Amino acid sequence: MSAGLDLEENKRYFSKELLQWYQRERRDLPWRRSRDPYHIWVSEIMLQQTRVETVIPYFNRFVDRFPSLRELAEAPEEEVLKHWEGLGYYSRVRNLQTAVREVVEHYGGRVPSNKKDVSSLKGVGPYTAGAILSIAYNQSEPAVDGNVMRVLSRYFCLEDDIARSSTRISIEGLAQELIPGGEAADFNQALMEHGAMVCTPKSPSCLDCPVREGCLGRLHGRERELPVKTKAKKPRPVFRFAALVEGTGSNAGKVLVRQRPDSGLLARMWELPHVEVPDAMEWESLSLGKEYLETALAEDGVRILATEHAVGDAQHIFTHLVWNIRVLAARAHEEQYVEERTSYKWVGPEDFESYVWPNVFRKLLTEYFIHNKIAG
DNA sequence: AAAACGGGGGA
DNA sequence: TCCCCAGTTTT
């Protein structure tokens, strides 16, 4: 076999060229200016399923307010959540705070530097464990995310379905082999940087690729078909009526809101009271919506009078479902007080910002308080 | 193995 | 529109 086509030699070519490319082209990102394992950790959690450009301002605000692991551990959960508002996947930050408290408690406030301990932390899975160990401690551990699976699938022309966990495990083995001695931190970031900047999901920039000469996917003309990935199912639509209940008397200028349950979707965040209806058909009937809303709130001990006047529609898209929300104007019965123990509260423009809202309700209420109207 | 879990931006 | 993003946890 000619030396130029030897697989092991191709691996060494890939690692060497990619590392050199990274050392020339690396972006100047906030978390790359820090050597603090806690900062690396925060960035990795934020970057899960979230683009770099989105994360940058959140990261800066977060480490500005919680500069060290201990300050995050001691902060009120509400304030931590507030700094995550709008980023999504809110369990990430609850788990992060749980985990830093664990680090203070069991590891003297230092982020563990071995696989077993770091992996045991809440919210730290195989990717994040590898990222912390390699980037913060320069250990030869793979950090395989979507970028890495795409890059290596193309370069080595691997046809395994990257949606399968067995594929991630085998790619971790390959990724580990590729790490040049003593260069885990830069090499792992090089792999991800390459996936983000050059070997992008659609229309990869092969002409600018530092390793194009050894890319087996490209040599086979398969670079646009790889990686193989089974399609996700479409999100399921659900239909809901929400009540915009305006307060009277001492509650004038305020709106009735409620806090979501401690677990599950959007846990402990605030929302307009709303109720799900069986299907799209029911959603067309405003009188049915009025009945549903009044009944549902009455079961929570909150008496309101809804109208058949829709003040706007909103949509909230999750990975697995879509909320279609029709907002009906409503008012409280006379003497409707909200008891302390319930999850309901009156909120005005003054204290709006001290609550944490899913995006859809943040937009709805901002419209209401600032422009005094809601548009679909 | 599959579903739950946000939100936004690029093509 | 569709894809997918520096994924993890729960079922």
Side-chain angles (χ1 to χ4, degrees), chain A residues 22 26-27 29-32 40-59 81 84-96 98-99 118-136 142-151 161-169 171-172 175 185 187-197 199-205 224 227 229-236 260 263-269 271 314-323 356-363:
Chain A
Y22 177 70
R26 58 184 285 172
R27 285 173 290 177
L29 302 174
W31 45 93
R32 289 186 179 158
I40 308 291
W41 182 8
V42 170
S43 74
E44 292 302 337
I45 301 296
M46 285 188 173
L47 287 162
Q48 289 170 9
Q49 305 294 280
T50 311
R51 288 192 154 72
V52 166
E53 306 75 58
T54 307
V55 166
I56 290 172
Y58 280 92
F59 177 82
L81 199 51
W84 207 270
E85 187 183 53
L87 256 188
Y89 284 122
Y90 298 95
S91 66
R92 288 186 294 175
V93 72
R94 298 182 203 286
N95 290 341
L96 176 60
T98 302
V118 78
S119 301
S120 75
L121 298 170
K122 204 89 173 130
V124 178
Y127 165 74
T128 308
I132 292 172
L133 293 174
S134 62
I135 299 173
V144 174
D145 67 348
N147 281 319
V148 175
M149 290 200 283
R150 181 174 62 255
V151 170
D161 180 357
I162 64 167
R164 306 178 70 84
S165 53
S166 57
T167 303
R168 196 209 71 234
I169 291 170
I171 290 185
E172 279 174 346
F187 179 74
N188 282 353
Q189 292 182 85
L191 221 32
M192 295 188 272
E193 188 88 340
H194 185 246
M197 305 303 291
C199 199
T200 51
K202 296 170 185 176
S203 59
S205 309
R224 303 179 80 94
K229 184 178 185 180
T230 54
K231 296 196 282 291
K233 288 189 315 189
K234 273 198 228 164
R236 170 177 57 91
R260 296 181 58 80
S263 63
L265 186 64
L266 304 173
R268 271 173 280 184
M269 297 179 81
E271 64 184 7
Q315 195 177 50
H316 197 49
I317 301 173
F318 301 84
T319 310
H320 54 303
L321 53 90
V322 179
W323 284 358
V356 184
W357 310 93
N359 238 325
V360 64
F361 294 113
R362 155 165 290 277
K363 285 179 184 162

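Computed over heavy atoms, backbone and side chain alike; hydrogens, waters and symmetry mates excluded. Note that the coordinates shown come from a computational prediction; the quantities given were computed from them, not determined experimentally. Letters go in sequence order (proteins before strands), and every chain restarts at 1.
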*Asks:* Return whichever of L121(A) or K229(A) has its heavy-atom-nearest nucleotide of DNA chain C closer to the 5' end.
*Replies:* K229(A)
*Asks:* Under the side-chain contact (heavy atoms from CB on, under 4.5 Å) rule, collect the residues that match up with E85(A), sequence neighbours excluded.
*Replies:* K82(A), V356(A), W357(A), R362(A)
*Asks:* Return the value, rounded to whole Å, for the distance between atom CG of N147(A) and atom C1' of dG7(C).
*Replies:* 12 Å
*Asks:* Where the side chain of K231(A) is defined as all heavy atoms beyond and including C-beta, which of dC3(C), dA6(C), dT8(C) is the nearest nucleotide?
*Replies:* dC3(C)
*Asks:* Could you tell me which residues satisfy side chain to side chain donor-acceptor pair (under 3.5 Å) with E193(A), sequence neighbours excluded, listed by chain and number?
*Replies:* R27(A), R32(A)
*Asks:* Could you give the CZ-to-C1' distance, from R168(A) to dT8(C), as a whole number of Å?
*Replies:* 10 Å
*Asks:* Treat a base pair as Watson-Crick or G-U wobble with both distances under 3.5 Å, then lay out DNA chain B in dot-bracket form, 5' to 3', with | for cross-strand pairs.
*Replies:* |||||.|||||
*Asks:* Just to be sure I understand the rule, does V124(A) reach a base, reach only the sugar-phosphate, or reach nothing, if contact means heavy atoms closer than 4.0 Å?
*Replies:* sugar-phosphate
*Asks:* For F361(A), give me all partners under ring pair (Phe, Tyr, Trp, His ring centres under 6.0 Å), at least two apart in sequence or on another chain.
*Replies:* H274(A)
*Asks:* Please report the distance, rounded to the nearest Å, between CD1 in I171(A) and C1' in dA6(C).
*Replies:* 15 Å
*Asks:* What nucleotide, of dA6(C), dA1(B), dT10(C), holds the atom closest to the side chain of K122(A)?
*Replies:* dT10(C)
*Asks:* Nearest whole angstrom, please: distance from the C1' of dG7(C) to the CH2 of W41(A).
*Replies:* 15 Å
*Asks:* Can you figure out which of dA6(C), dA1(B), dC5(C) approaches the side chain of R164(A) most closely?
*Replies:* dA1(B)
*Asks:* Nucleotide by nucleotide, 5' to 3', does protein get under 4.0 Å of the base (B), only the sugar-phosphate (S), or neither (-) in nucleotides 4-11 of chain B, counting heavy atoms?
*Replies:* SBBBB-B-
*Asks:* Please state the P separation for the pair dA6(C) and dC5(B) - nearest whole angstrom.
*Replies:* 23 Å
*Asks:* Distance check, P atoms only: dG8(B) and dT8(C), in whole angstrom units.
*Replies:* 22 Å
*Asks:* May I have the step-by-step check of ring pair (Phe, Tyr, Trp, His ring centres under 6.0 Å) for Y89(A) and W84(A), ending in yes or no?
*Replies:* CA-CA 9 Å; Y89(A) 284 122; W84(A) 207 270; over 10 Å; no
*Asks:* To the nearest Å, give me how far apart CD (Q189(A)) and P (dA6(C)) are.
*Replies:* 13 Å
*Asks:* By side-chain contact (heavy atoms from CB on, under 4.5 Å), which residues pair with N188(A), not counting sequence neighbours?
*Replies:* S134(A), A143(A), I179(A)
*Asks:* Around R26(A), counting heavy atoms of other residues, nucleotides and ligands shown, do more than 12 lie under 6.0 Å from its CZ?
*Replies:* yes
*Asks:* Tell me, please, which residues at least two apart from P204(A) pass side-chain contact (heavy atoms from CB on, under 4.5 Å).
*Replies:* R154(A), C206(A), E223(A)
*Asks:* Can you sort out the partners of F59(A) under ring pair (Phe, Tyr, Trp, His ring centres under 6.0 Å), two or more places apart, ordered by chain and number?
*Replies:* W31(A)
*Asks:* Could you pick out which residue, R32(A) or S119(A), lies toward the 5' side of DNA chain C when each is mapped onto its nearest nucleotide?
*Replies:* R32(A)
*Asks:* Contact class for R362(A) (heavy atom, under 4.0 Å): base, sugar-phosphate, or nothing?
*Replies:* nothing
*Asks:* Could you check whether any side-chain heavy atom of Y127(A) comes within less than 4.5 Å of a side-chain heavy atom of R168(A), counting everything from C-beta outward?
*Replies:* no
*Asks:* Base, sugar-phosphate or nothing for S43(A)? Non-hydrogen atoms, less than 4.0 Å.
*Replies:* nothing
*Asks:* Among all residues two or more places apart in sequence or in another chain, which pass the side-chain contact (heavy atoms from CB on, under 4.5 Å) test with I162(A)?
*Replies:* M149(A), S153(A), T167(A), P227(A), K229(A)
